[in-house]
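To start, the structure under review is shown below, and the notes come after it.
A note on names: the letters A, B, ... follow the listed sequences, proteins ahead of strands, and every chain is numbered from 1.
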Amino acid sequence: MLRFGLCCIFKDQPIRFRQTTAKFLEQFSRREQLARLSAICVANVQSVYKALAFLADNQIGAFRIMTPLFPRYTHPKVGYRLEELPDAEHIQAGLSAIRDFRHKKDIRLSFHPDQFNVLSSPRPEVVKNTLREIEYQGMLAESVGAEVINIHAGGRYGSKKEALGRLKKNFQLLSDPVRSRLTLENDDISFSPADLLPVCKELSIPFVYDIHHHRCFPDVLKEQEATEQCIALWHTLGREPYFHISSPKNGWQAGSSRPHADYINPEDFPPFWLPLNATIDVEAKAKELAVLQLKKDLEL
DNA sequence: GCATGTCAAGTTGTG
DNA sequence: CACAACTTGACATGC
């Protein structure tokens, strides 16, 4: 069976995630900062629970939790720890409720740290910040029972080989809970499936295959080959494979295929994925509407 | 209300 | 050289 995944937010459902900025927080006392952050964390944890309830009601089997669930958690000036927040116990209870619910309903959870997280960077400061941010997401992943923390390999810096060497070295600096969840995904300009599959094998971590990126940035592997190698890697680890799908906003003409469309064009969905036991994250601007539409289109 | 400018962070390619 | 793109706008402010 295929399992479809929703990414981060909703379009129509009244489920929203709150945010704040360091600059705004800095005008307040520390006490007031923590009070505001606490209120946002409480609201966001509740929103994740509502999100999972919607997923369960609509047979959507996976959810990607947005990175700033706890906004500015690792910020050098306004960063904080959960225990410092006035509602810490309430928040912890909410995270536990999410974990219980996702187990009961068999919903897969993942995180996708954003583009500032670069394990292959030659700059120590960048790597340090990356490690801290990924460890934060690892803490959250533990709390809610998320299985995957998926990242890209970062920049090339003139030598992909050396960049991947740094990535492999820095991987060893991560904690066990993070390493057991980390996955690498092919991107659309620098690292293709053929670049990353060997790295994943070496590190004994899974590979997330984004077929849209592969179409933007092809390599020696055919789509079917990349799919098979991705599956093999997940199966070696006894886990269910993960794929990403999206459609280009402006068609496939050169140069403009990268931005995501509102919905998935069913013709972009590879037919050889249909019989698989796997999770497909749907990256589309129309969010839950796009997931439901794709399910409908494929069942016809 | 609604439009607008701003917000931590990295890297790359385009115009 | 400025800016958009990337998994994802939200928020405060000023009219």
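Closest to the side chain of A/I9, from the set B/dA8, C/dT8, B/dT11, is C/dT8. Looking at the side chain of A/K23, the nearest of the listed nucleotides B/dC7, C/dT8, B/dG10 is B/dC7. Counting only heavy atoms from C-beta on, A/R156 has its side chain closest to B/dT12 among B/dT12, C/dC11, C/dT8. The side chain of A/T21 lies closest to B/dC7, out of B/dC7, B/dT11, C/dT8. Each of B/dA8, C/dT8, C/dA10 was ranked by its minimum atom distance to the side chain of A/R16; first place goes to C/dA10.
At least one cation-pi condition fails for A/R36 and A/F24: the charged atom is not both under 6.0 angstrom from the six-membered ring centre and inside a 45 degree cone around its axis.
A straight line from NE2 of A/H212 to C1' of C/dA5 spans 11 Å, rounded to a whole angstrom. Between A/Q137 atom CD and C/dT8 atom P the separation is 15 Å, expressed in whole Å. Here the P atom of nucleotide B/dA9 and the CD atom of A/Q19 are 14 Å apart, to the nearest Å. Across the protein-nucleic acid pair, A/R18 atom CZ and C/dT8 atom P stand 23 Å apart, rounded to whole Å. Computed from coordinates, the A/I151 CD1 to B/dT11 P distance equals 13 Å when rounded to whole Å. Atom CZ of A/F17 is separated from atom P of C/dA10 by 10 Å (rounded to the nearest Å). For A/E26 and B/dC7, the CD to P distance is 11 Å, given to the nearest whole Å. The separation between A/R72 atom CZ and B/dT6 atom P is 17 Å, rounded to whole Å.
Searching all strands for a Watson-Crick or G-U wobble partner of B/dA3 with both distances below 3.5 Å returns C/dT13. Both distances falling under 3.5 Å, in either a Watson-Crick or a G-U wobble arrangement, occur for no nucleotide opposite B/dA8. Using N1 to N3 plus N6-O4 or O6-N4 for Watson-Crick, or N1-O2 and O6-N3 for G-U wobble, each under 3.5 Å, B/dT14 pairs with C/dA2.
Within 4.0 Å of A/Q115, counting heavy atoms only, lies at least one base atom of the nucleic acid.
The shortest side-chain heavy-atom distance between A/L2 and A/F269 falls under the 4.5 Å cut-off.
For A/R72 and A/E26, the salt-bridge test fails: no basic side-chain N is under 4.0 Å from an acidic carboxylate O. No salt bridge links A/K11 with A/D262; every basic N to acidic carboxylate O contact stays at or beyond 4.0 Å.
Two residues, A/R132 and A/S121, neighbour DNA chain B, and the one matched to the more 5' nucleotide by heavy-atom proximity is A/R132. Summary of the strand contacts: A/P71 and A/R123 both lie near DNA chain B, and taking for each the nucleotide with the nearest heavy atom, the more 5' one is attributed to A/P71.
Taking the six-membered ring where tryptophan is involved, the planes of A/H112 and A/H152 are tilted, since the angle between them lies from 30° to 60°.
Centre separation under 5.5 Å together with a plane angle under 30° does not hold for the ring of A/F116 and the six-membered base ring of B/dG10, so they are not marked as stacked.
A donor-acceptor contact closer than 3.5 angstrom links the side chains of A/D219 and A/H214.
A donor-acceptor contact under 3.5 Å links the side chain of A/T74 to the base of B/dA8.
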